Amino acid sequence: MFTSITVCLDMFGCPNRCKHCWIGHSPNGNLTIDDLKFLAEKFRPFTSSLTVYDWYREPDYKDNYKELWDLCNSLSDTHEEHFELISIWRIVRDKEYVKWFSLLGLKSAQLTLFGGQEKTDYYTGRKNAYNEILQAIDILLENKISPRIQVFVNKDNIDELPFIENLVISLDLENRCKSFGGKFSLFLHQGSCDGENEKLYDIRVTPDDLQKIPQTLMEYTLKYFDKTSIAEVFGKTEQVLYEELINDNSTASYVSETPVFYIDKEFNVYPNVAPPEPAWLLGNLKTDRIETVLKNYTENKSIAQHTRLTVPLCDIVKSQGNYNSQKLFDKDDYIEYLLNKYCRK
């Protein structure tokens, strides 16, 4: 028995094809309510605390999002508050959506920018995404929900940061949130280097790029992460991390008593550690027994889990690391990046 299990079914996919998406891109599905019930039935015997979600890419993407929300709650032993992740695609197309948020008590919602219209549309993978984000900000504020803006930064878009600073100031977001007792927040980061974002490795930020961050955006970021320097947010250079880890003989297990599983539209099961890639595959709910899937997880039988458990970290670093690189990483993100590369070699 697990202390708790959270299962997330990719029922309908996502309207975007974001170039930073750590989950990666896969074709959209069109699963049914019976499929969601099937998922819950499979995992329920193995925990007294099951939580079910109908998405792991775009929340509330399907028209029956209210029904799906109620169904997920009825299938779950827990009763979760709505994530601060929302569907920007839906909020500008469905007037009932934001009203529903208000009924659920949502206080803030996250939006993602990459710069101005050209960069944001490009990195979101959908034309007019930037304009819809601006619309969404106004809709949220009109309904007394505070926008939280995250900005993914790389060498291709870091020169757009002054534009974002001016946008935040011109929209008067700080004061407009304060007017109803809300709190505006914004943060910058480079994201982990997996999924689609791994393809942006060559333009990952380096220490010299951090000097280009406008003061206002830096202050917001430090406040959000509760850090004293921007270097703490963006991490260490790959060179420094390489030197730290090249003599590290440790191994590790990703098994948890409170696992989160991603299930794609084909019912393949993956632990929520890295993108749903073959190296992390635990099995398939339609062709494998659930006991086998969970045993593969607890016994570290996926390729990636087995590799991390049996191969010393220094060997993975030596094989896949770049000791000359000045690219910035969080330590755990760097280890996962190297592990994913190692498993594909």
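As the structure is a computational prediction, the values presented were derived from the model and not from experiment.
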Chemist: Taking the basic N atoms (NZ, or NE/NH1/NH2) and the acidic carboxylate oxygens, is any pair closer than 4.0 Å for Glu238 and Arg204?
Modeler: no

Chemist: Applying the side chain to side chain donor-acceptor pair (under 3.5 Å) criterion to Tyr65, which one of Asp54, Asp94, Asp60 satisfies it?
Modeler: Asp94

Chemist: What class does the angle between the rings of Phe184 and Tyr220 fall in, given that below 30° is parallel, 30 to 60° is tilted and above 60° is perpendicular?
Modeler: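 Judged by the thresholds at 30° and 60°, the geometry between Phe184 and Tyr220 is perpendicular.
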
Chemist: Would you say Asn284's side chain and Glu266's backbone share a donor-acceptor pair under 3.5 angstrom?
Modeler: yes

Chemist: Say whether, by atom type as modelled, one donor and one acceptor occur between the side chain of Thr258 and the main chain of Ser4 under 3.5 angstrom.
Modeler: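 Side chain of Thr258 to backbone of Ser4, a donor-acceptor pair under 3.5 Å: no, none is there.
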
Chemist: Considering the options Tyr56, Phe267, Tyr53, Trp280, which one meets the ring-ring contact (aromatic ring centres under 6.0 Å, His included) requirement together with Tyr262?
Modeler: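 Testing each of Tyr56, Phe267, Tyr53, Trp280 against Tyr262, the sole residue satisfying ring-ring contact (aromatic ring centres under 6.0 Å, His included) is Tyr56.
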
Chemist: Under 3.5 Å, is there a donor-acceptor pair linking the side chains of Asp264 and Asn268?
Modeler: yes

Chemist: Parallel, tilted or perpendicular: which one describes the rings of Trp89 and Tyr61, with boundaries at 30° and 60°?
Modeler: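 Aromatic pair Trp89/Tyr61 classed perpendicular.
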
Chemist: Between Asn197 and Ser192 (side chain of the first, backbone of the second, donor and acceptor by atom type, cut-off under 3.5 Å), is there such a pair?
Modeler: yes

Chemist: Considering only NZ, NE, NH1 and NH2 on the basic side and carboxylate oxygens on the acidic side, decide whether Lys236 and Glu244 come within less than 4.0 Å.
Modeler: yes

Chemist: In terms of side-chain heavy atoms, does Asn73 have a donor or acceptor partner in Asp70 at a distance below 3.5 Å?
Modeler: no

Chemist: Can you tell whether the side chains of Asp209 and Lys155 come within less than 4.0 Å, N to carboxylate O?
Modeler: yes

Chemist: With a 4.0 Å cut-off, would you call Glu198 and Arg344 a salt bridge?
Modeler: yes

Chemist: For the backbone of Glu160 and the side chain of Lys119, can you confirm whether one donor and one acceptor N or O come within less than 3.5 Å of each other?
Modeler: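 Checking the backbone N and O of Glu160 against the side chain of Lys119, no donor-acceptor pair under 3.5 Å is found.
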
